[in-house]
Student: 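Sharing a structure below in structure tokens format, with a few things to ask.
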Amino acid sequence: MVGRRDFLKMVGAGVALAGVTGCVTEPRRSILPYTMRPPEVTPGNPLYYATTMPLDGYGIGLLVASREGRPTKVEGNPDHPASLGAAGVYEQASILQLYDPNRARQLTYQGGVRSVRDFVRAFGPQSTSAFGTPGNGEGLHLLLEPTSSPLTASLIARVREAYPAAGFTFYSPLSSSSELDAARNVFGRPLQPVYDLRAADIIVALDADLLDEGPFSLRYAREFADRRRLEEPSAGMNRLYVAEAGFTSTGVLADHRLRVRSTEVAEVAAALLELVRGGSVGATEGAAPMGGAVVGEGRGAQWRGNEWVRAAARDLAAHAGRSLIMAGARQPPRVHELAIALNAILGNIGRTIRYIDPVLVDVGLPTHSPVPLVEALRAGAVRTLVIVGGNPVYDMPADFEFGELLRRVPERVYCGLYRNETAALCDWVVPALHYLESWGDVRAWDGTASLIQPLIYPLYGGITIDDLLKVFLLEAATDAHQLLWESWRERTGGGDDFDEFWKDALRRGVIPGTTSPEVAVTGEGAVVRVQSMGGAGGEPRAGSVGVDRVPESGDQQGGGGESAKLPRGGLVLSFRRDPKVYDGRFANNGWLQELPDPVTKQCWGNAALLSPRTAARLGVEDGDLVELRYRGGKLRLPALHLPGHADDEVTVSLGYGRGGAEEVARGVGANAYLLRRADAPWFGGGLEVARVGEARGEERVVRTQERWTQEGRPIALVATLAGYRANPDFTHEHRGSQPSLFERWNYSGEQWGMTIDLSVCTGCSACVVACQAENNIPVVGREGVARGREMHWLRIDRYVTGDVEEPRIVMQPMLCQHCEKAPCEYVCPVNATVHSSDGLNEMIYNRCVGTRFCSNNCPYKVRRFNWFDYAVLRSPEEDLQLNPDVTVRARGVMEKCTYCVQRIRRAGIRARVEGRELGGDEVVTACQQACPTRAIVFGSLGDPESEVSRSRRQPRLYSVLHELGTEPRTMYLAKIVNEAPATAV
Amino acid sequence: MPALFPRWSDTLLRVGIVGVLAAVLLAVGFAMAWVRTPQITGQFSPLEQPVEFDHRHHVADDGIDCRYCHDLVERSPYAGVPPTERCMNCHNQIWPDSPLLAPVWASYFKNEPIVWRRVHQLPEFVYFDHSIHVNKGVGCESCHGRVDRMARVYQVASLQMGWCLDCHRRPERVLRPVEEITTMGWVPSRPQEELGRELMERYGVRRVTDCTACHR
Amino acid sequence: MVGWHGAPVEELRELEGHATDEELTEQLLAPLWSKSRWWRICFAVSGAGTLLYLVAFTYTVVSGIGVWGNNIPVAWAYGITNFVWWIGIGHAGTFISAFLLLLQQRWRSSVNRVAEAMTIFAVIQAGLFPVLHLGRPWFAYWLIPYPATMAVWPQFRSALPWDFAAISTYFTISLLFWYVGLIPDLATVRDRAPGRVRRVVYGIFALGWRGAGAHWQRYRLVYGILAGLATPLVVSVHSIVSTDFAITQLPGWHSTIFPPYFVAGALYSGFAMVIMLVLPLRAVFRLSNVITTRHLDSLGKMVLAMGWMVIYTYAIETFFAWYSGDPFEVAQYLRARPFGSYALVFWGMVFCNCVVPQALWSRRVRTSPVLLFVVAFLVQVGMWAERFVIIVASLYRDFLPSSWNLYAPTWVDWGLLLGSIGFFSFLFFLFLRYIPFVPIDEVKHLRAELEPRRSG
Amino acid sequence: MRGRARFVEPGIMAEFGAEGELEHAVVRLRERGYTRLEIYAPYPVEGATTLLYQTRPRLNWVVFCAATAGALLALAVQWFTNAFDYPLNVGGRPLFSLPAWIPVTFELAVLAGGLAAFIGLLVSIGLPRLWHPVFEVPGFERASVDRFWVGIDRRDPRFDPERSRQELTELRPLRIEVVEVGR
């Protein structure tokens, strides 16, 4: 989207503008009224539709705003269990994917354009295919993405009937079976845990990014935050222990974070279990080495890990039944088993955890592993491979050499959104529909089913997986809605009130009564099982939990496998889901590419993350180009020092270095899948790092924030809960009125203000994307960011505090502070930025001449300038996403956060038309709406009972750079960390 | 030896100097006047429309209320140009085969919109909301003029920012009871200013001159 | 001898070198008639520079400021640096003509016209940058309070309308001052020029000056009045320019010492520029009898004096930064500048502006054209660096470390800097070619006063 | 002295080679009772000038008034635009921000003053005037180079072509020229 060519485009676009003056009259536009206006549509006012976004098979409920028939913004559906009204970066950015001009537009066979009918002829009733009628499907294999859709499930079942010999595989590079395998090992059947964080006082996350990863993370973040938002010092707060290698959003909020190699998390878990079971916790305070429970062999009892484990164990013991231990998807089943055991012992099961039957189709069965397919391919047993969604050629473990295998398949079909790496190797390429264009259903993590309804007529044509399956069922394609409607009619047994039921389901976006029931498991049983587990095969040995010995990291299956058998001190390579492009499927999304990584602040690419100490040991400078050598694979990418990262481990994001036909994604970052191995999907030892030289040009790390520290300045304030209670007034220097020569401007009526609670900000950046979508903020591309010209109105500042070795991170969303004594205003020569009567710092784009004086005088540097005509970077398709309530800024003007003034004015007009005053909490800004943890509160200070007014009464309130006397309307609540009382043992 | 310059050159130079200065001043003055003329504002020029729709007939003769066609005006930023079906409500009975209605039928059957030309055109960076104005007693006539006397609708007001501000600063000079919103040629029963102030009181009308009231 | 302060007579004896006024006149008019090869070469070179300027200028206007290296936080960089630099250079001219006139420093006579021309051309350069650096230059006229259809006005709390007023006033007054000073000489050219065309052209600009007693009387009065107006103006202009920075909150900008600081700096670079212009002329046109070593000496002393004012301001602002104890000020002055990413520029500035001029303590340096030129040149470089440090170094390290970022110039930035120098010299060479660059009447007047009076 | 009469229209002129001679000539002519004399010189000649013009013109007052007017205008405009016509809350600053208005006020004062001075000069010496009888005088072009001329107004009560020529001759000028009233 923003390459060299586009730079020229920007430069060129100027020509049109050059010499434009104020008094030119533009040509008459035309008006095209409906011929028949749909009753629900009121041109000029947005309509909201409930739908659901499927991601790796699980649904997240959404409300999508539609303006005159074009979806413009994605928001969370408060009624949906996985959303609760919040929306993450993927959900919100998916709307840009809908309009992506690079999406596959034509159905092709070996490059030649074909019609759907041709496709049906090839595989449908008169199929000439090898497996075709009346065959039994011998040689037919379908490679699908994991799905939980009841409709799809039923179709799959029918396809299986029709072709008993047909093979099925469900693959997604990020999904892991550890959790279910562990459950199977422990409970004898695959079960899926659903956590209730509201009920947990102590949470221990073992390499689990519960706040930002997984199909229920939005809900978990909300629940977690609800137990953390301090109304007053005396209020209670949950405590979070995190053991992880990289720095995740969860690590950011950790009260006690242990940076430990991914390979050693199992040891930590084991030691934890040991202490908790030993029951000695609490009793033997400080009675030093508890049995042999010294984690991290070779580090000695001094190692901080011991302290962390003891503190966690003590807390867990003290909060039996009100605690929670979670293991991350990256960890092998072993760790999950230990977690289950811990939860069982502490009696958390049934209290903070309930188990339900798995939601995905076939989940827990071998069809969820790519291995059988790969073997079949190697054996040449597959004659027709149908790949629906995903991008296996790109994201299968490198040692499968899937691309090579695929080439050998005689008949290859791909159905997906893009002409990606996989499409390039297939004869048949069938464009798929975006979820915002299609009918369907999907289930959330807790089993709740919800409907997917289209917001717009297919832009580029295409079919859904259901349509595709119907082709193989030799059935004529029926109307998608009809199909869905019928399937649910029979599922619910019809009934006269079905139409009502259906309408309601569509409106609310949730199908009532579909949430999976809890499966009763007995905690005791679990513990017993853990202990009595036979040592067969890769199964962990019984003793491994016992006090007598700590498992070697080498024992770990799944995680390390053979590869992990390495001498300590060797380097571990660790892969992670990218917080922006996920597994690579969003790599063509400009918003996400330009979204700074929550912790590293890197845009447009990935890097080898490693701790400064390890870097020093390897002689790798920050920003050097390094070569990773791992089990025969090589990968070049820039190194990036990440304080707080585990030593002797290198983390790399998946999803970059794409080679498909997607213009934005192509050539951005390095493809870490090339190093991924099937036996060690998430981490493994034996990595070598070689410094190549200084990274230049396209390989350079591009970051929106170079600095890690606050340079000792009081910007993002942090205190411990104890400290806060001891001295609740610790922010008093940073608030209150400042002496001023001017008498205060008198404000009346609605007075807008915002309060941001740093205690619950994970840095997930949902607000940043929300702002981008709501306010038509352009993407400036790698070059632009490299030059320091990113346009985000709302950025999240990340600062490390405390000890350099074991840093804490505090996230500070930074946006226009709407200062009452705004420094930007009095320096504007043309009155382009002034104050409104309701206390907004207004920015009038059409008056701005672009002196940039305001930006220079803005102490918060939240103003953004249109260095070029960025509008030309948007394709006509992407223009359809633009919010008609917000001006698209011209070249050469300044812009900034307006507190979503378009929403304020719309609400104000609505209220006054209805002849009432505007409520203090009636207006919701885009960022506030998206925030999963409700860290952002917005409203009128004029209304003493509004949420924001109440937040202003908290003692930990303060304003940034208060000493300057700018009197910001955006204020912050200092971050409170809930450290365990006497951690020092 | 003769002088370098002839005698008349004096006058020539002086006239020249004065002339140039005068010309500059005049040019500036002229430019300022020019941008206020209909040539720039587009006032008073009826536009050729795809359908020969005569407001005089529909409003004056038939007495159809503005809101029958422009039905969004009270609840949307847009007054709303009626969908074709709206025309058909009457015209499938009245003059169904009038040649003037040919394009309307065409639109109706082909289900293709009639492409009207915009008469009142604000820049993209201006956000005008009809609903708030009509609900607070600003009559259609106040901005659109006597549409009931227009064969082809044309723009009456300059629609320049200064013109907007006049009302926003002194609404009492135009406000009318909401019942009279669509009345053409309405005359206040009492002195406008007095009535206006009372209506401001009643409807809670404020003097809105915040920039973001119109620019977002 | 009337009003002969400043220079002891004997130091200007050289003026008597020529037998008659006519010969002196001829000598000073010679450059207007002669076709010097030097001039052609210089003119061609400066012409090329002007072309570069046009290219960079057009490219910027057509494509947008994005073609510069600016970013957030460094929203101002080369553009404003060049602006302040040029306006500073533009100060010495009027200062020499006006202020020294009031002080009756008669040695100014030989150099003031060059200085004034320099002022005007420098102000032209300075005036272009603020307009060019706008995001939408075609709306620059919005800074003028005129009754617009949008009924919105400029905002006079901002320093930019002040700038606008100051620069346009300064340009107008300087132009008038220069032109008034020119009238008698234009008359001389009118009466001496070969060929009717030239005589007519110069004649028109001479407005029919007859050198009558009445003319001279009013003329000297008005010249004095203009000088009286121009002197406070000179001081005000750079003070106002300094408020572009001083009225903000930015550490490194937010400082009450800025107005005097900027004026001193301006005169500093201004005098240096005068030296750089005068010395070559003196050599090329063999004017050592008119522009005497005494002139060089005085100019040298001025530079030295101004240099010390600048040194003082550097010292005092750094001291205050430290003394204030304000962490942001301290970080800016004691860390970001001397040890930050632009430390090299900073130390270069210190060397050029504080160390180099000390050479001027020696009379040998002051009176040696070559050495003097080198010093002046380095001072020029130093002053540009100073503005760069003030602007960029303050912006790239402001309040929130999260927004800190570096600035790197593009070829357009360089093109505009060099191009503006080219354009400046282009205008200056035109001036040399078509206007007597030494005020003939003043020199003759001075000379007459030096001569033993002839008895009637 | 009103209108044209303000400026001397010489009927006869004499050329001298040196400032001293000119001054001497002026002194002598004054002794003979000539009241309307004018001198022409390439540079200001204090002596002769002071003899002819004692009164100092009131130009400085003109300039002063103009400057004051400029200042007031500037203040008025700034008050009207920022505090009266469209009073906007700019950074919480008071509408009437007098200190901020000083710079523009000062600049406009200087501008007005300067223009007044310049125009005043031209008016007070009757320029531009490209043609003037004296330009018809042969050799007058050197008045701007190195010659010094004295002229006697033909309206001078004592003026008489013959006598005046006689009296000028006694001053031993380089030459004497009668100025035709050019038609």
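Just so it is clear: chains get the letters A, B, ... in the order the sequence lines come, proteins before strands, and each one is counted from 1.
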Student: Apply side-chain contact (heavy atoms from CB on, under 4.5 Å) to residues C:W216 and D:V45 and explain how you reach the verdict.
Tutor: CA-CA 8 Å; C:W216 282 118; D:V45 286; over 6 Å; no

Student: Using non-hydrogen atoms only, which part of C:P232 is less than 4.5 Å away from chain D: side chain, backbone, both, or neither?
Tutor: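 Answer is both: backbone and side chain atoms of C:P232 are under 4.5 Å from chain D.
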
Student: Need one label for C:Y223: side chain, backbone, both or neither, based on atoms under 4.5 Å from any heavy atom in chain D.
Tutor: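 Nothing of C:Y223, per the 4.5 Å heavy-atom cut-off to chain D.
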
Student: Thinking salt bridges, do D:E46 and C:R220 make one under a 4.0 Å N-O criterion?
Tutor: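 Yes, D:E46 and C:R220 are salt-bridged.
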
Student: Where on D:V110 is there a heavy atom nearer than 4.5 Å to chain C: the side chain, the backbone, both, or neither?
Tutor: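 For D:V110, backbone and side chain are both near chain C.
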
Student: If I take atom CG from residue D:D146 and atom NZ from residue C:K444, how far apart are they, to the nearest 0.5 angstrom?
Tutor: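 Between D:D146 CG and C:K444 NZ, I get 7.0 Å after rounding to 0.5 Å.
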
Student: Donor-acceptor pair, distance only, cut-off 3.5 Å: does the side chain of C:R157 make one with the backbone of D:P94?
Tutor: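 Side chain of C:R157 to backbone of D:P94, a donor-acceptor pair under 3.5 Å: yes, one is there.
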
Student: Would C:R210 and D:F135 count as a side-chain contact (heavy atoms from CB on, under 4.5 Å) if you check the C-alpha gap in whole Å, the side-chain angles of each, and the deciding distance to 0.1 Å?
Tutor: CA-CA 8 Å; C:R210 307 192 290 280; D:F135 287 128; 3.6 Å; yes

Student: Which word best sums up how the rings of C:W153 and D:F80 line up, parallel for under 30°, tilted for 30 to 60°, or perpendicular for over 60°?
Tutor: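 Perpendicular, since the angle between the ring planes exceeds 60°.
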
Student: For C:A230, which atoms come within 4.5 Å of any heavy atom of chain D: side chain, backbone, both, or neither?
Tutor: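 Neither; nothing under 4.5 Å.
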
Student: Select one option (side chain, backbone, both, neither) describing which atoms of D:V63 are under 4.5 Å from chain C's heavy atoms.
Tutor: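 For D:V63, the contact with chain C is made by the side chain alone.
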
Student: Given that the side chain runs from C-beta out, which part of D:L122 has a heavy atom under 4.5 Å from chain C: side chain, backbone, both or neither?
Tutor: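 Just the side chain, heavy atoms under 4.5 Å.
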
Student: Need one label for D:L52: side chain, backbone, both or neither, based on atoms under 4.5 Å from any heavy atom in chain C.
Tutor: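 D:L52 has no heavy atom closer than 4.5 Å to chain C.
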
Student: Please state whether the side chain, the backbone, both or neither of D:R142 comes within less than 4.5 Å of a heavy atom of chain C.
Tutor: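 Contact with chain C is through the side chain of D:R142 alone.
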
Student: Measure distances from C:P145 to the heavy atoms of chain D and classify the residue's part below 4.5 Å as side chain, backbone, both or neither.
Tutor: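 Looking at C:P145, just its side chain touches chain D.
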
Student: Counting only heavy atoms closer than 4.5 Å, note whether C:I173 contacts chain D via side chain, backbone, both or neither.
Tutor: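 Side chain of C:I173 only, per the 4.5 Å heavy-atom cut-off to chain D.
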
Student: Which bit of D:Q78 is near chain C, if near means a heavy-atom gap under 4.5 Å: side chain, backbone, both or neither?
Tutor: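 Answer is both: backbone and side chain atoms of D:Q78 are under 4.5 Å from chain C.
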
Student: Specify which of C:A151, C:G208, C:P154, C:S168 makes the most heavy-atom pairs with chain D at under 4.5 Å.
Tutor: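 Option with the greatest count: C:G208.
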
Student: What part of C:T188 lies closer than 4.5 angstrom to a heavy atom of chain D: side chain, backbone, both or neither?
Tutor: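 Both the backbone and the side chain of C:T188 come within 4.5 Å of chain D.
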
Student: Could you please spell out the steps behind the side-chain contact (heavy atoms from CB on, under 4.5 Å) verdict for D:L59 and C:V222?
Tutor: CA-CA 8 Å; D:L59 264 174; C:V222 167; 3.4 Å; yes

Student: Please step through side-chain contact (heavy atoms from CB on, under 4.5 Å) for the pair C:L226 and D:L121, ending with a clear verdict.
Tutor: CA-CA 11 Å; C:L226 282 177; D:L121 169 66; over 6 Å; no

Student: Check each atom of D:T49 against the heavy atoms of chain C and say whether the ones under 4.5 Å are side chain, backbone, both or neither.
Tutor: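 Contact with chain C involves the side chain of D:T49 alone.
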
Student: I need the D:E141 CD to C:R199 CZ distance, nearest 0.5 Å.
Tutor: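 Going from the CD atom of D:E141 to the CZ atom of C:R199 covers 7.0 Å.
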
Student: What is the minimum heavy-atom distance between C:G203 and D:L130, and which atoms define it?
Tutor: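 Closest approach of C:G203 to D:L130, heavy atoms only: O-CD2, 3.7 Å.
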
